[in-house]
**Q** 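Pasting a structure here, questions to come.
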Amino acid sequence: MDLSSEKLQRILSKYKFHDVVIDELQKIYRIHPGIVPSAGTYTFSDHTQKDLVRLLGNIPVQYGGRSYNFPIELWLMDSFPFTPPICLLRPTSNMFIREGKHVDGGGRIHLPELHNWDYPKSSVVSLLAEMIVKFEEHPPLSSKSNVDNKDPHDLLAFVSNIQINNGGSSHQEQMNKKVSVIGGGHLAMASVMSVLSKCKVDKLVFIDVNDSSTKGGSTDLEIFRLPQVEVSRDLSASAGSRVVVVTANAWSGEQSYASVVQTNVDLYRGIIPNLARYSPKAVLIIASQPVDIMTHVAWRQSCLPPTQVIGAGCNLDSQRLSHILDINLNTHKPAWVIGELSDNKVAVMSSSSVQLEIAAGSNSTKPLLDRAFGMMKTRGQRSWSVGLSIADIADSVLTDKMKTHSVSTLAQGWGGIGAEVFLSLPCLMGSNGSTRLAGVSLGQEEDAKLRQSVASLCSLMGQLRI
């Protein structure tokens, strides 16, 4: 992020809370690197003008199984962050604004967080997350050629080809179904076999990392020469992958938990940046432990958008929970396990059997979820079961299935979470990665568990050298 221009520096110096604004711009850049700050002059409705910081860029929106980029413009008032930004859609000459609940005819964006702005609970990062969710529910742009039709499915054909997540995708790249699995041992082998069984892949590359403590499996794969499987010890063999699964661990004999985790962080430092460089459009699925921390670390080290870096997280528990509710308890509604992969994880249920939205916490659903949770306690996290879960997520990416998985993702801005932390949340998984479902008010007990996880994860992250 470049803030060095003389004009931008001059404008920033006039902001009442200069340091807070700089910090917020850095957070925005880390999550949305395509949204760029610049100096600009804003004209108010009374024709007065003021030099302000302007943010220009695109936000990724999923609709009808396709990905779109919506151009937006944000103006930060000089009293920011205690006053909300002015948010506008900036359509190209071929786009038409569809006036609706969240956007007026002039392109001004109206969202609940703007109307209920309350710093430090509110931030631009959480505002953008809400904007994406609302625009996916009611897309505010269409093609001018389709004005008479007014069908939101007729969004600009070329919009789907606008650069998203640091790079557009050609047809050939979208059809790519190469998968790489990084790290040896039981989980890596289980992931390899599960992906081969579940997914239609062009090639699967198995890379046994030298420094990983979870070695093994590569020799057998070389001996039996499975079709479409390449065995390597060079990370460059992963180049051009659509999905990269990382199972590598490097446990040490250190005494403290933070020191043990640090060995994994150090191992990742030699793996993740290279994987991101070789496959910048890949979706990274992290399965190393502790998964929420290591997914956060991988995102930091990869410099990829958070939609492209997810952890296996609570997907296995979620699939088991839904199965128990459906088969054993005859409740035909999707359900998910969310939060940290620990004793603090909580269960949530969809508001209906047809709509993928989380129901607010209620006394009516809690006994049912608690009963299903109790039935799950005897089922452990075995390598083969985690491998099947990883393959299920990979399949959703490779086939652009837009299936909902509870995966470890950047939770900042979800359900009032202000910290930069990774937790399992229900996300639609497709070819461009993850899209979170909207947050809701949880029950008091569930919310307390989530907050406790946020605090403990933030504390551990603060002790690590990324």
Side-chain angles (χ1 to χ4, degrees), residues 1 3 11-12 14-32 35-46 48-61 70-90 97 99-138 140 306 358 360 410-421 425 436-442 447 450-451 454 458:
M1 179 179 64
L3 300 177
I11 292 174
L12 281 169
K14 296 180 180 179
Y15 275 67
K16 299 179 178 66
F17 308 98
H18 173 272
D19 292 342
V20 178
V21 174
I22 296 294
D23 184 58
E24 185 74 7
L25 291 175
Q26 290 173 341
K27 290 178 181 177
I28 296 166
Y29 179 75
R30 289 183 59 182
I31 299 172
H32 300 279
I35 297 179
V36 180
S38 63
T41 302
Y42 184 77
T43 303
F44 295 89
S45 56
D46 61 358
T48 59
Q49 294 183 325
K50 179 171 282 191
D51 291 337
L52 297 170
V53 174
R54 178 177 62 172
L55 293 166
L56 282 172
N58 299 319
I59 56 172
V61 174
F70 284 5
I72 59 168
E73 179 181 51
L74 275 63
W75 293 87
L76 303 186
M77 298 295 100
D78 55 4
S79 54
F80 181 86
F82 293 95
T83 53
I86 295 172
C87 303
L88 303 163
L89 274 176
R90 281 292 177 242
I97 295 175
E99 186 174 356
K101 182 178 180 181
H102 301 299
V103 179
D104 64 26
R108 183 76 177 261
I109 298 170
H110 305 276
L111 294 170
E113 182 154 347
L114 288 171
H115 293 286
N116 302 306
W117 188 267
D118 182 18
Y119 178 81
K121 293 181 181 178
S122 301
S123 68
V124 175
V125 170
S126 61
L127 176 65
L128 291 171
E130 182 184 50
M131 194 179 296
I132 291 169
V133 170
K134 297 300 183 184
F135 286 0
E136 286 172 348
E137 293 173 352
H138 304 286
I358 306 170
L410 182 62
Q412 192 171 41
W414 189 94
I417 297 173
E420 183 191 291
V421 66
L425 297 174
R436 296 182 323 202
L437 296 189
V440 295
S441 298
L442 300 173
D447 187 68
L450 217 59
R451 303 295 164 184
V454 170
C458 286

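Quick note: numbers below take in every heavy atom, side chains included, and nothing from hydrogens, waters or symmetry partners. One is the number of the first residue; the rest follow in order along the sequence. In this text, all values refer to a predicted model and were calculated from it rather than measured experimentally.
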**Q** Under the ring-ring contact (aromatic ring centres under 6.0 Å, His included) rule, collect the residues that match up with Trp75, sequence neighbours excluded.
**A**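 Partners of Trp75 by the ring-ring contact (aromatic ring centres under 6.0 Å, His included) criterion, ordered by chain and then number, come out as Tyr42.
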**Q** Could you check Leu111 against Cys87 for side-chain contact (heavy atoms from CB on, under 4.5 Å), going step by step and ending with a plain yes or no?
**A** CA-CA 9 Å; Leu111 294 170; Cys87 303; over 6 Å; no
**Q** With no hydrogens and no angle check, is any side-chain donor or acceptor of His102 less than 3.5 Å from a backbone partner on His110?
**A**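 Here the side-chain-to-backbone pair exists.
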**Q** I'd like to know if the side chain of Glu113 reaches the main chain of Ser122, judged simply by a donor and an acceptor atom lying under 3.5 Å from each other, with no hydrogens or angles considered.
**A**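 Here the side-chain-to-backbone pair does not exist.
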**Q** Could you go through the side-chain contact (heavy atoms from CB on, under 4.5 Å) check for Ile31 and Leu128 one step at a time?
**A** CA-CA 10 Å; Ile31 299 172; Leu128 291 171; over 6 Å; no
**Q** Rounded at 0.5 Å granularity, tell me how far CD in Glu136 sits from NZ in Lys134.
**A**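 It comes to 11.5 Å.
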**Q** Can you tell me how far the CG atom of Leu76 sits from the CG atom of Leu12, to the nearest 0.5 Å?
**A**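 Nearest 0.5 Å value for the CG-CG distance: 9.0 Å.
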**Q** Do Val125 and Glu420 come close enough that some side-chain heavy atom pair is under 4.5 Å?
**A**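 Not touching, per the 4.5 Å side-chain cut-off.
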**Q** Nearest 0.5 Å, what's the CG-CD1 distance between Leu55 and Ile28?
**A**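 Between atom CG of Leu55 and atom CD1 of Ile28 there are 5.0 Å.
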**Q** For the backbone of Pro81 and the side chain of Trp117, can you confirm whether one donor and one acceptor N or O come within less than 3.5 Å of each other?
**A**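 The answer is yes, because a donor-acceptor pair under 3.5 Å joins these two groups.
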**Q** Considering only heavy atoms from C-beta outward, does the side chain of Ile132 approach that of His32 to under 4.5 Å?
**A**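 Answer yes - side chains close enough.
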**Q** Checking Ser79 side chain against Phe82 main chain: does a donor-acceptor pair fall under 3.5 Å?
**A**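 Not a single qualifying donor-acceptor pair exists.
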**Q** Within a strict 4.5 Å, meaning less than it, do heavy atoms of the Glu130 and Val133 side chains meet?
**A**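 Contact flag for Glu130/Val133 side chains = no.
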**Q** Do Arg108 and Ile86 come close enough that some side-chain heavy atom pair is under 4.5 Å?
**A**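 SC-SC contact between Arg108 and Ile86 confirmed.
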**Q** Any side-chain heavy atom of Phe135 within less than 4.5 Å of one from Val103?
**A**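 The answer is yes, as the side chains (C-beta and beyond) meet within the 4.5 Å cut-off.
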**Q** For Lys16, check salt bridge (charged side-chain N to carboxylate O under 4.0 Å, His left out) against everything at least two apart and list the hits.
**A**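 Lys16 satisfies salt bridge (charged side-chain N to carboxylate O under 4.0 Å, His left out) with Asp78 only.
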**Q** Start with the C-alpha distance between Ile35 and Leu56, add both sets of side-chain angles, then the distance that settles side-chain contact (heavy atoms from CB on, under 4.5 Å), and finish with yes or no.
**A** CA-CA 5 Å; Ile35 297 179; Leu56 282 172; over 6 Å; no
**Q** For Asp23, enumerate each residue passing the salt bridge (charged side-chain N to carboxylate O under 4.0 Å, His left out) test, keeping only those at least two apart in sequence or located in another chain.
**A**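 With sequence neighbours excluded, Asp23 shows a salt bridge (charged side-chain N to carboxylate O under 4.0 Å, His left out) to Lys27, given in chain and number order.
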**Q** Does the side chain of Leu88 reach to within under 4.5 Å of the side chain of Ile72, using non-hydrogen atoms?
**A**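 SC-SC contact between Leu88 and Ile72 ruled out.
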**Q** Side chains of Tyr29 and Leu3: does their closest heavy-atom pair fall under 4.5 Å?
**A**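 Of all side-chain heavy-atom pairs linking Leu3 with Tyr29, none is under 4.5 Å.
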**Q** Mind checking whether Thr83 and Tyr119 have side chains closer than 4.5 Å, heavy atoms only?
**A**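 Side chain of Thr83 against side chain of Tyr119, heavy atoms only: no contact under 4.5 Å found.
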